[in-house]
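The structure under discussion appears below in the form of structure tokens.
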Protein chains: 2
Amino acid sequence: MAYRETEKMRQRKAEVRQRILDCASGLVAEGGFRNAQINNVADKADVATGTVYRHFESKSELFAEVFRRATIREVNKVAESLEGKDPAPDRLERALRQFASRALQAPAMAWSLIAEPVDPLVEGERLAYRRAYADHFRAAIDDGIRDGSLPPQDAGLSATCLVGAIAESLVGPLSPTRQNADRAFSEQQKAELITPILTFCLQGVTGTRR
Amino acid sequence: MAYRETEKMRQRKAEVRQRILDCASGLVAEGGFRNAQINNVADKADVATGTVYRHFESKSELFAEVFRRATIREVNKVAESLEGKDPAPDRLERALRQFASRALQAPAMAWSLIAEPVDPLVEGERLAYRRAYADHFRAAIDDGIRDGSLPPQDAGLSATCLVGAIAESLVGPLSPTRQNADRAFSEQQKAELITPILTFCLQGVTGTRR
DNA sequence: ACAAGAAATGAATAGTGATTCACTCTTTAC
DNA sequence: GTAAAGAGTGAATCACTATTCATTTCTTGT
């Protein structure tokens, strides 16, 4: 015997894998999935094309993982916003605001995550990502129903509606057809967009005028 | 001079064009844009591949038009539902119900229109289609604000939220990953889905418990 | 230093499907 | 009937990229 995988190697491989992911992610952030080709990824990560395939099954797998990672960060932020002992409606408001606000902060990436056409495997991740948001919202709504701060309702569907309402409202503003697709929005622009969306969403869940 | 386009010819060409559109549309209804290749379209329409290109600039143009046509029908139905002299909230409810109900009646096509990944030109049509819905809803909301049957609000954003909330709620049920993707839903299934969605949507717009 | 095995390389290949175009067939006007 | 012009044809081409794999380079244990 002569070669055995050693800790050093394991680490180096992990680093390369990570670098590939980061670069792929970077390409998506710059120009969406549309212009994230394996060759570009390899070039950017300073490895050969084939090396990408040593670390990932296929292009789809690679980008599914890119999507998943970008997504987990976002979902976690929203989940954090939902924590706390204050009333469910307040927590929901905070979380919804977080969701929209972060998207407007990084419009290009947000557009890719929310609306860019992607291949079916990645689309699967997108469904999961939206479901993840909805699940968190649903839990909060259920809390609210339980403690009486929200009226009885189909929490799952309400949660889905929340996700849809926000995502849809953001698609227009985020859309890269806008000249300024890569500039973040000013605080004022953000507020003007977010406030009415939140009004609608909270009224939808609470059934009372905001 | 010897040949000049005559009425008869103009008509025949229009027929072929129409047949191509219909067949393309049929393929989408059966298997989504994913399996609508130009060759299939040509075969189904009983013309040669090249003939398709005599009638349409490119694949994208063809399917953009397919999308537009499918879409106009739907939008018109919703617009019809919005007509009438009754209170804006009632008209909105009717229209939203129409929207959801029709989608569940033809799940495969609805999924393609709402959620299937498509190429950018067709995606452009999708944005237009969603905006068209939103514009109709917005007009009704503005009516309601004017006559006092709805509270003041950003009608445009509320309308967008309505579209998003419904579309998102339908994506799951319509998704072709479900075994029964091609069977329409029973009246009861439809009601169970639609009722809570409408509750959320109407509360969002009216700010009062439904 | 060496042999065994693993990892990296990147040019070549391959799959997919849109698009073209040289040719044939029809229609029209005379 | 015939010539001009358009319409139709479909096999061949092209474009794009994901993926492969024979070869080279690097790591490790002795």
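These numbers were taken from a predicted model, which means no experiment stands behind them. Just so it is clear, the values below take in all heavy atoms, side chains as well, and ignore hydrogens, waters and symmetry mates. Proteins get letters first, then strands, A, B, ... in listed order; numbering begins at 1 in each.
Evaluation of the side-chain hydrogen bond (donor to acceptor under 3.5 Å, both in side chains) test over residues 193-204 of chain A, restricted to residues two or more places apart or in two chains, returns A:Gln203-A:Arg209. For residues 194-204 of chain B, there are no salt bridge (Lys or Arg N to Asp or Glu O under 4.0 Å) pairs, not counting sequence neighbours. Sorted by first and then second residue, the pairs that involve residues 35-62 of chain B and meet salt bridge (Lys or Arg N to Asp or Glu O under 4.0 Å), not counting sequence neighbours, are B:Glu30-B:Lys44.
Sorted by residue number, the members of residues 34-45 of chain B with any non-hydrogen atom under 4.0 Å from DNA chain C read B:Gln37, B:Ile38. Residues of residues 13-31 of chain B having a heavy atom closer than 4.0 Å to DNA chain C: none are found.
The CD-C1' distance, from B:Glu5 to C:dT27, rounds to 11 Å in whole Å. Going from atom CG of A:Asp46 over to atom P of C:dG10 covers 10 Å, rounded to whole Å. In this structure, the CZ atom of B:Arg10 is 13 Å from the C1' atom of D:dG6, given to the nearest Å. Summarising the geometry, the separation between NZ on A:Lys59 and P on D:dT17 is reported as 8 Å, rounded to the nearest angstrom.
Salt-bridge annotation for B:Glu83 and B:Arg91: absent, with no side-chain N of the basic residue lying under 4.0 Å from a carboxylate O of the acidic one. A salt bridge is absent between B:Arg12 and B:Glu5; no separation between the charged side-chain nitrogens and carboxylate oxygens falls under 4.0 Å.
Closest of all the heavy-atom pairs between A:Ile197 and B:Leu157 is CG1-CD2, 4.1 Å. A:Ser81 approaches A:Ala95 most closely through the heavy-atom pair CB-CA, 3.6 Å.
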Please set out all donor-acceptor pairs under 3.5 angstrom arising from side-chain atoms of residues 99-108 of chain A, sequence neighbours excluded.
from: A:Ser101; atom 1: OG; to: A:Lys190; atom 2: NZ; distance (Å): 3.2
from: A:Arg102; atom 1: NE; to: A:Glu74; atom 2: OE1; distance (Å): 2.9
from: A:Arg102; atom 1: NE; to: A:Glu74; atom 2: OE2; distance (Å): 3.4
from: A:Arg102; atom 1: NH2; to: A:Glu74; atom 2: OE2; distance (Å): 3.0
from: A:Gln105; atom 1: OE1; to: A:Lys190; atom 2: NZ; distance (Å): 2.8

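Proximity of A:His55 to the phosphate of C:dA7: no side-chain N or O atom is located under 4.0 Å from OP1 or OP2.
Taking A:Asp119 as the reference, A:Ser60 meet the side-chain hydrogen bond (donor to acceptor under 3.5 Å, both in side chains) condition, with sequence neighbours excluded. Shown here are the side-chain contact (heavy atoms from CB on, under 4.5 Å) partners of B:Ala115, two or more places apart in sequence or in another chain: B:Trp111, B:Val171. For A:Glu15, there are no side-chain hydrogen bond (donor to acceptor under 3.5 Å, both in side chains) partners, not counting sequence neighbours. Every residue meeting the side-chain contact (heavy atoms from CB on, under 4.5 Å) condition with B:Arg126, not counting sequence neighbours, appears here in chain and number order: B:Phe67, B:Glu116, B:Val118, B:Glu123, B:Tyr129, B:Arg130.
Here A:Thr6 lies in heavy-atom contact (under 4.0 Å) with sugar-phosphate atoms only.
Residue order along DNA chain C, read from the 5' end via each residue's closest nucleotide, puts A:Thr49 first among A:Thr49 and B:Ser60. Nearer to the 5' terminus of DNA chain C, by closest-nucleotide assignment, is the contact made by B:Ser58 (compared with the other of B:Ser58 and B:Lys8).
Surrounding CZ of B:Arg68 are more than 12 heavy atoms belonging to other residues, nucleotides or ligands, all under 6.0 Å away.
Two end axes, each from the C1' atoms of five base pairs, can be drawn for the helix from C:dA1-D:dT30 to C:dC30-D:dG1; they diverge by 10°, to 10 degrees.
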Short N/O separations, protein against nucleotides 21-26 of chain C, under 3.5 angstrom:
none

